[in-house]
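Reviewing the structure listed below.
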Amino acid sequence: MKLIFNQLTDMEIYGWEAFIGDWLFIFSFAFLALEFLRYGLREKMSWGLIGDVFTNYITLGAFIGINYLIIGGFYVGVFFYVSEYAIWTIETNWATVAICIILADIMYYWQHRFAHRVNVAWATHTVHHSSPHFNISVAYRFGPLDGVLPLPFYIPLVLLGFNPFVVFFAEMFVQLYQTLLHTEGFGKFPRIIEKVMNTPSHHRVHHGSNNKYLDKNYGGIFIIWDRMFGTFAEEKEEVVYGLVTPIKRNDPFSAFFHGFYRLGQKVFYTKGLFNKIGCLIMPPGWEPAHQKRQIKQ
Amino acid sequence: MPSFKQTVAGIAVSTVIVIGGAYMAYEMPSISEYVVSYDSSSSNAATVSEIVRETPEFGDVATNPVSGSDLSFTIHGIERSYGKVIVMVYGDEDSYRNYDPNGLLAYEELSINSGTVTVSFENIGEGPFAITFFQDEDGNGDLTLQGEYPIEGYGGSGMKTPYSEPSFEKASVGLGSHNFKMHYLK
Ligand SMILES: [Zn+2]
């Protein structure tokens, strides 16, 4: 008990965050090697797949670049600014960190659902979904503004009194758990786990373009939020990965910018200001009532 | 796809869980692993009526009952056992802003016995008060900096993070009992 309630300093939290994040990144390469072996054994190895892995890590590089240059400082600044107005002061120990992770997981659910159902947010998140494959390298495939999107969703946690460092840690922890779900290497876990936790099976569904699988399983660590809020689907038929309208080219540049390119096109060709705004804030498949043109996802 | 109603209900449920969870976390105090013996040489000036030293148990965060005419507070999260905690209470904005020793309403040096120290002041006036404190680990009587950053523990009323520099207004507290946190950058 004592250990759980021991006071932690900001630097300790930051240290753990860096430690877990870095080792998971290294682990992901080892895991990717195993996945390649598996693809090889099933004779699914192709240049397309290798190119996709390449694209995934290039988008990661671009994402880190953007975060480092623009978003990072802004994000930290906003958190510390907001923390001045926090209603409570919550101590930092492993017990409160654990609570923060659970709450961050709910916030992740809503942020993720928002990213799928509001077209302007989808323009960046679509990058992550544009790979026609599913392995751990896809977890590192990011869109240009994937780093800003979560900000408004985690501010409430800082406002309630969690230390900004703890909120960063919790966000990161949810993200890292998510990373581990990107694999075809595991079937299903025992039922009790599949009931409560998000698993590779549930997350494969999330990456499916099958009709039954669209807009399902937004969860981060726990799948219970999807079950509670009506967005859960079980993995039954074989998953077809990628977008409803697949990207034509899978090079890093096209993959990274296709979301905003498609959004820009849609806004440009839609007539009327209200309809243009609709293109930004409505779900991806939305079309103004009188327009017959079809652009999907 | 969930209906609009379901979505609104979902957001409402999530809000309740998040606020409830945060409140639970707020009710969980940290404890410190350092427990050193009580230093009887600690100064007990006339204004200090009571120095309570204890490690908080789970659940008892907030209030030690004190009479309404006292200013009392507990500093949580003391991680290192050396030195004394120096506490300063200001009653006006100018002295607070300039750290003016002549404008102090009260000054105390408290020895460290566990992860928390509690102090209460009688007959200190009506308030509002602004409080600052630091852990004088090297015993030089001052908060030691390395460059711009303190290398000793520090904190004060109205400080939500180690980087807060609250105004007198934001730092103000009234009579009664309060909880503050010691911050460490190093
Ligand atoms: Zn998604």
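Chain letters run A, B, ... following the sequence lines, proteins first, then strands; residues in each count from 1.
Heavy atoms closer than 4.5 Å to chain B are found nowhere in I102(A), neither backbone nor side chain. Heavy atoms of P162(B) lying under 4.5 Å from chain A belong exclusively to its side chain. Using a 4.5 Å cut-off between heavy atoms, I11(B) contacts chain A through both its backbone and its side chain. Heavy atoms of T7(B) lying under 4.5 Å from chain A belong to its backbone as well as its side chain.
D226(A) and G219(A) get closest at one heavy-atom pair: OD2-N, 2.7 Å.
I75(B) contributes atom CD1, which lies 9.5 Å from atom CD1 of I112(B) (distance to the nearest 0.5 angstrom). Note that OG1 of T92(A) is 10.0 Å distant from CZ of F165(A), once rounded to the nearest 0.5 Å.
Results of the ring-ring contact (aromatic ring centres under 6.0 Å, His included) test with Y109(A) over F232(A), F229(A), W225(A) single out F229(A) as the only residue that passes.
No donor-acceptor pair closer than 3.5 Å links the side chain of S157(B) to the backbone N or O of A130(B). Looking only at distances, no side-chain donor or acceptor of S95(B) sits under 3.5 Å from a matching main-chain atom of L104(B).
In this structure, H116(A) has its ring center under 6.0 Å from that of H206(A).
Contacts between residues 14-22 of chain B and chain A, counted as heavy-atom pairs separated by less than 4.5 Å, involve S14(B), I17(B), V18(B), I19(B), G21(B), A22(B).
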If you look only at distance, which donor and acceptor atoms sit under 3.5 Å apart when one is on a side chain in residues 78-88 of chain A and the other is two or more places apart or in another chain?
unit_1 : atom_1 : unit_2  : atom_2 : d
S83(A) : OG     : F80(A)  : O      : 2.7
E84(A) : OE2    : S164(B) : OG     : 2.6

